[in-house]
Participant: 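Got a structure for you, written out below as structure tokens; questions coming shortly.
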Amino acid sequence: MSTALPGDDQMRQEAQARARIDQELRTRFAPEDDALRGANDRAQAEGLPAIQISPIQGKLLQVLAIACGARKILEIGSLAGYSGVWLARALPSDGRLITLEVSAKHAAVVRQTFQNANVADRASVRVGPALELLPALIPEAPFDLIFIDADKGNYPHYLDWAIRLGRPGTIIVADNVIRGGRAFQVPPPDESAAGASAYNNKVLADQRLVSVAIPIDDRGMDGFAISVIR
Ligand code: SAM
């Protein structure tokens with residue numbers, strides 16, 4: 001008699017096991033405090049979409065920032081400041097996080113989040129379309145870590161700016177580069193997949209970068225591209 005489980009049961013059990021593992025990893029490696037939970041609560045109360053990174057992604061950003069000795073961090077796409085808090089907490093007391101956000105409403109929530117997390121001394125938000133704000137950052141470069149998490153269609157342009165505002169050793173992280181596999185379809189089926197696809201192709205073709213992509217969202221369907229400037 002076969003002991004193999006029917007396909008549906010096996011898939012359900014695997015999904016449950018993955019959820020348990022994810023929960024264990026979050027609890028052990030990336031516990032949230034009141035300030036982080038508050039960022040998401042405030043976002044929900046203000047009607048912002050729940051599209052922030054996961055706690056494990058936040059912790060990975062911290063690990064990367066500390067690994068490269070980051071003193072200056074740039075983020076493109078702030079939402080409510082959740083990822084900003086993870087990043088700002090990786091900085092020394094005289095470090096600096098600048099996060100760019102197109103929505104004035106989102107930026108107001110970000111400022112409150114930074115106050116509540118006691119990182120407002122080192123973290124600030126600038127309001128406007130990122131491509132218009134980025135040129136003003138040239139005098140503040142180089143940044144040690146740059147996190148890209150905004151409109152996917154502009155990801156290739158954000159990569160150009162990240163390289164320009166970085167230095168050898170700068171780490172560039174971009175979220176949402178897998179899109180449930182849609183980023184690998186030819187042609188990509190939607191605008192965000194097209195942006196992610198173009199970003200992936202660009203980092204892979206650029207000899208100045210060493211890059212990897214990892215699935216790291218809750219369901220393993222989306223994730224980070226991580227590049228370092230040689
Ligand atoms: N990094 C945030 C986190 O994990 O907590 C999530 C950022 S959310 C995915 C994307 C944000 O980018 C939104 O708040 C959106 O308003 C902003 N955004 C979209 N297009 C933008 C643009 N052209 N310039 C700056 N920000 C933009």
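One-based numbering, in listed order, for ligands and for the atoms of each.
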Participant: Within the supplied structure, the quantity of interest is the number of heavy atoms (other residues, nucleotides, ligands) at a distance under 6.0 Å from F184 CZ; does it exceed 12?
Facilitator: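 Yes, enclosed.
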Participant: Any atom of ligand 1 sitting under 4.0 Å from a heavy atom of A80?
Facilitator: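 Checking ligand 1 against A80, which is what was asked, there is no heavy-atom contact under 4.0 Å.
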Participant: If you measure every N/O of S103 against every N/O of ligand 1, is any gap under 3.5 Å?
Facilitator: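 No, there is no polar N/O contact under 3.5 Å.
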Participant: Is it true that D33 and R89 make a salt bridge, defined as a side-chain N closer than 4.0 Å to a carboxylate O?
Facilitator: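 Salt bridge flag = yes for R89 with D33.
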Participant: Any salt bridge between R26 and D22, counting N to O under 4.0 Å?
Facilitator: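 A salt bridge links R26 with D22.
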Participant: Assess whether a salt bridge exists between D190 and R179, defined as any Lys/Arg side-chain N lying under 4.0 Å from an Asp/Glu carboxylate O.
Facilitator: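 A salt bridge is absent here (no side-chain N lies under 4.0 Å from a carboxylate O).
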Participant: Here's a test for you: under side chain to side chain contact (heavy atoms under 4.5 Å, CB included), which of L74, V125, I76 qualifies with T99?
Facilitator: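 One option only clears the test, and that one is V125.
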Participant: Tell me: protein heavy atom nearest atom 4 (O) of ligand 1, and distance?
Facilitator: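 The closest one turns out to be I53 N, 2.9 Å.
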Participant: In terms of residue, atom name and distance, what is the protein heavy atom nearest to atom 10 (C) of ligand 1?
Facilitator: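 Ranked first by proximity to atom 10 (C) of ligand 1 is D149 O, 3.1 Å.
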Participant: Quick one: look up the protein heavy atom nearest atom 25 (C) of ligand 1 and list residue, atom name and how far away it is.
Facilitator: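 Checking every protein heavy atom, the shortest distance to atom 25 (C) of ligand 1 gives V102 N, 3.3 Å.
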Participant: Measure the distance from atom 12 (O) of ligand 1 to every protein heavy atom, then report the residue, atom name and distance (to 0.1 Å) of the closest one.
Facilitator: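 Closest protein heavy atom to atom 12 (O) of ligand 1: G77 CA, 3.4 Å.
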Participant: Is any NZ, NE, NH1 or NH2 atom of the basic residue among D144 and R71 found under 4.0 Å from an Asp or Glu carboxylate oxygen of the other?
Facilitator: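 Salt bridge flag = no for R71 with D144.
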Participant: If you take the nearest heavy atom of each of S83, G81, G58, which one is closest to atom 2 (C) of ligand 1?
Facilitator: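 The option holding the nearest heavy atom is S83.
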Participant: With sequence neighbours excluded, give me every ring pair (Phe, Tyr, Trp, His ring centres under 6.0 Å) pair touching residues 93-149.
Facilitator: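 The answer is F147-F224.
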Participant: Which bit of W86 is near ligand 1, meaning a heavy atom under 4.0 Å away: side chain, backbone, both or neither?
Facilitator: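 For W86, there is no contact with ligand 1 at all, from either part.
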Participant: Can you pull out the closest protein heavy atom to atom 15 (C) of ligand 1? Residue, atom name and distance to 0.1 Å, please.
Facilitator: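 The closest heavy atom on the protein side is E101 OE2, 3.5 Å.
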Participant: Would you say I51 touches ligand 1, if touching means a heavy atom closer than 4.0 Å?
Facilitator: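 Contact check I51 vs ligand 1: positive.
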Participant: Would you mind checking if E140 and R96 are paired as a salt bridge, meaning a charged N to carboxylate O distance below 4.0 Å?
Facilitator: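 Looking at R96 and E140, the cut-off is met.
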Participant: With heavy atoms under 4.0 Å as the rule, classify the contact between E75 and ligand 1 as side chain, backbone, both or neither.
Facilitator: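 Near ligand 1, E75 shows its side chain, while the N, CA, C and O stay back.
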